Amino acid sequence: MSESGVPDVTSELRLPWDDDPEDLYEHAPCGYLTTLPDGTIVRVNETFLTWTGYSRADLIGHRRFRDLLTPGDQIYHETHYAPLLMMQGEVHEIALEVVGADRRRLPTLVNSVLERGPTGAPRIIRTMVFNATERRGYERELLAARRAAESSEQRVRVLQQIVADLAAAPTEAEVAEAVLRAPEPAFQAASSSIYLIDPERDLLVAVASTDPTTGNWDDMPCSSTRAVAEVARRGDLHVIGTLAEAEAHFPDLAESMRRSERRSVVLLPLTTGPADEQGGVAVLGVLAFSFRDERTLTDGELRVIRLLGQQAGQALDRARLYDDARRREERSEFLARTTRALDEEHRLLQRARRLVERVVPEIADWALVRLQVGPAGLVEHHGGPAPDPARLGARTAEAIETAAPVFAIDGDGLGCTVLPLIVRGRVLGTLAVRMAPDRRGAEAERLFLVDLADRVALACENARLYEQERAIARTLQRSLLAADVPGADPRFVVETHYQAAAQDMEVGGDWYDAFLITANKLAVVVGDVVGRGIEAATTMGQLRSAIRALASAENGPARLLEGLDRFCDRVDSARMSTVVYAEVDLLSSEVTYACAGHLPPLLHEPAGSPQYLLDARSAPIGSRAGDRRRVEHRMRLAAGSRLLLYTDGLIERRTRPIDRGFEILAREYARLRDAPLKGLTAGLADTLVGRDHSDDVCLLCLTLGTEERLERSIGADPVQIALLRADMRGWLAGHGVDTECLNAVLLACSEAVANSIEHGYAHDPFGVVDVAATISAGTVEIRVSDRGRWRGPGNDVARGRGLQLIYESMDDVAFDRAGDGTMVIMRRHRGEPS
Amino acid sequence: MLFAHGYGCDQNMWRFVTPAFQDTHRIVLFDHVGNGKSDLSAYRDSRHGSLAGYAEDILEIVQENDLRDVIFVGHSVSAMIGVLAAIREPERFSGIVMIGPSPRYIDDEADGYVGGFLHSDIEQMLESLDSNYLGWSSAMAPVIMGNPDRPELGEELTNSFCRTDPEIARKFARVTFLSDNRADLPDLRVPSLILQCADDVIAPAVVGDYVHKNTQESTFMALNATGHCPNLSAPEETVDAIKSWL
Amino acid sequence: MTDQWVSFSRRGMADLVHLKGEIDLANANDIGRVIVAHTTAANAVLIDLTAVSFLDSAGVRLLDYIVGDLDDRGKPIRLVVGERGAARMTLQLCAFRADLLATDLERAATDLGG
């Protein structure tokens, strides 16, 4: 330095770092404290005393450092500072507030060092205290800013989440849910509620609330004087900061605030855009949220709240569009599904039923379709409760009268829409539906209903036409089949049966016929026309007539079939029909038959088992590919033979091969050998086909001649007695028994069988009564036997009368109870042959 | 022996105490969630919004380690946490040592209960907490955020003991100082030892006395140690007291 | 159910019951119920059996009941049967009272009306 030529002034002065250490300690720019390990102050410097206003005597030996702190910092001292110091031996920059003698608080930063004695036990603590007033002020600001930032950050986070939720919310309800959740985390609101405007009904609908118990949370007309409606009309944000403000402007709000202990309320309209834009802003709803304490919202918060209102409004707007689109889609899907479902049913009643079952509950809680068909009309309804019939009647009459829909209106006391079902300008009937009152976009709903009515009308009309055609075909077929089958000839009996398809099918083309070609020649025929419905029925009628016309004493079956082949040239619908045709010579008992593509007849002669007649087969009528050389077969039948003609519905099943069907038929036929002929064909159909069958069945059974001996077995069922009587009547007549004797034998036989059923089998519904009848030139003998419990003639008056009738009407009556049942043997002398 | 640290610290606070029991007992130490080296992600507002949630944590430790005949040593707020846990599953515990317990820190004017603090004191304490974490958390950030390539960072830091996640610390403070567990004390069926320091501002002698009077089978011992952390300021005396009771 | 066997009309004062077909154990009870239901308020009853092709003891029981009931009430009844036929045979075999039986509907109606 001397080289610089500048004199060394410091050499004249006391060196500044040459301070008196004591002075330095006392007046250092920081406070010094020395304390015992328990904090008792043992030394303190002047600086600290000056800052705090304490005298040395106040502190030394009397106070602990901790005692100088605010209560909160005392806790901090005890829970953080002291443990840390003990563990680390030192702590740094702990912020503590020291309370001065005049109660003023001095923010400080504190560093402490723990000094341990030679044993390691704590000896003293040296503490340096910095005045941190300014720094703490700065820190506080920092902290406040940070707090604000954090709270704003949280708000932003919440709102970001809400906006994301809103964007993802596809329905109005979900948008409402998302908006509703915002105020609590974002603004620490106590609860919030959301109201949406239903423009169709001019209502503010209370949609959701986080606490429905607060406030008057219910629907209100848009014109209501209530605060929510008022805000919805004004379209701008209302902050009601105090109860007094509410009193002044919205008494209803004040009332609910008092009730739910709220001090501030925010009413936020949900709009499609910023409120200050003129026009184009629609209010879609109101979000109301409230605070337990009086809450002042900052400008920033208000901005965010307004933004929330717009975001929510836009999301609502979008969701409403989605809702509408989705509803439209649902409706058109419903229409398509309903149309398909109706198509699956052909019958009118079933269609009507299916319609109301589709409409309820999917679009309505009650529906009724009324069709003006038939004398009584047709009514099907579903759901409930049914509306007031008088009002509904009036509305229905109006819809029919005006041929225009009458739509439900809120508060009309009925809630039902009645739609006329119109086809080609004619009102076929009405469809009445009661839908939920929540029908936003009612105009779209109306269009949908009209569309539905159109489709329903068409479906009903088609079903009605189908019914009509079906009825015609059925009538036609019945009239043809019901034509008189020759009877009352002791030389033969014809038993027929027709069973329509159980499932709802159109009329098939099966038929049977029996007629006398000459007095001694009988023709029997069973055939099957291709196709169904009215055309098949018509063709069947034509074929049947053709066969009757072609049958002649000279022609025979083969020639007749050739005639039918030619007939097909004129009536093409008869082509490929199958026919089995047989002519019976009643004098010679000879049968000549021919089979055109039809299933073989089944013959059961009195001796032996049933046989299929497999000769005389050729192609179906009019067949172009098949063998049309028509052949016939002649055979003689024993008296009492039964010949069965039938259509394929009797034996054909998709689930089994045809030969299995043949087997089953032959077996059943054999089993019924002793059954009365009357009811035989129906019984066969019942056994083989049952009630649930998709095809028509025709059967014809011809019994030829009179059996020498009549043997029948019948079940213990009174109804069967009449069947037995029919057989026996024919048998007796066939043997030339006179009327008086015939009636007497029938009466005695009936009584004997009745007796067996009523008394022998009183407790056995599965019992069987056997009847055997023989005839000789002078006598008819009847044996009726059962295996039931005989109780003998008691005081039963009724049975007494039955027995009396047996004795009275027969010449000779004997009871044989030798076996395990009873046999009645009755004889009557024949009168002189008439 | 299961040692539970009190509010504001971590398991390090037991380091002068546990060696004395090492030979006679299995020692289990842990940090409450949010403190020390605990897994911060385990913190749940719902669960840890009350001391019962912390008690559940204790029971989980007990169950997962299949601890039986547990001597629970709880400092400060952990004393009450231990009481709650022992009420829930008394069969697991054979004794509770409460160091500076307080069932309620705030005075209750309604029934004349003296806890030592006013509500405003607690609020101010939370402020103090904020002042200290402001500087603290910035320095600690790298550690909290995990800094695997500078593991020494944690070591270098001052005040490296008793780290707490500031947010959780705030919440824990609220739960600690605003809880009122006075009604639970009579339900404790496990024998307990109450260690009461002289001149403890956090848990004054009247509070320790209250705990003793309201807890069955409790033993009350007044320590000569001052302050709130005898386990740190007077570990020998603390150890001796526990041993004599055991 | 029973329409194929029984139908009703009026002839003067009397309720006229037409029976036809076979009447036996299987249907007598049902027919009886229908007749009783229709004739409880009748002042006189005519039962036309001319179209009955078979009548067994159960049918007799039914007629017996109806006759007894009307007798008790002091109301007249006639059973119209043909000159011949199953019904007449059965009723004769059961020895029904001659005054109950008539062969001619008109005459029987006049009898009752007078």
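Chain A is the first sequence line, chain B the second, and so forth, proteins listed ahead of strands; every chain is numbered from 1. Bear in mind that the values here come from a model prediction, so they are computed numbers and not experimental data.
Heavy atoms closer than 4.5 Å to chain A are found in both the backbone and the side chain of B:Y7. Residue B:S76: no heavy atom, backbone or side chain, is found under 4.5 Å from chain A. The contact between B:F177 and chain A is made entirely by side chain atoms (from C-beta outward), counting heavy-atom distances below 4.5 Å. At a 4.5 Å heavy-atom cutoff, B:N231 makes no contact with chain A through either its backbone or its side chain.
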Checklist line | Test log, rule side-chain contact (heavy atoms from CB on, under 4.5 Å), inputs A:L68 and A:Y54 | finding: CA-CA 10 Å; A:L68 306 181; A:Y54 291 109; 3.9 Å; yes
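Checked against the 6.0 Å centroid criterion, the rings of B:H228 and A:H77 do not qualify as a close aromatic pair.
Relative orientation of the B:F3 and B:W14 rings is tilted, given thresholds of 30° and 60° on the angle between their planes. Ring-plane geometry between A:F187 and A:F289 is classed as parallel, the angle between the planes falling under 30 degrees on a 0 to 90 degree scale with a further cut at 60.
Ranked by non-hydrogen atom pairs under 4.5 Å with chain A, the options B:D121, B:D200, B:L118 are led by B:D121.
Checked options A:L33, A:V91, A:T108; the residue passing with A:T127 is A:L33 (criterion: side chain to side chain contact (heavy atoms under 4.5 Å, CB included)).
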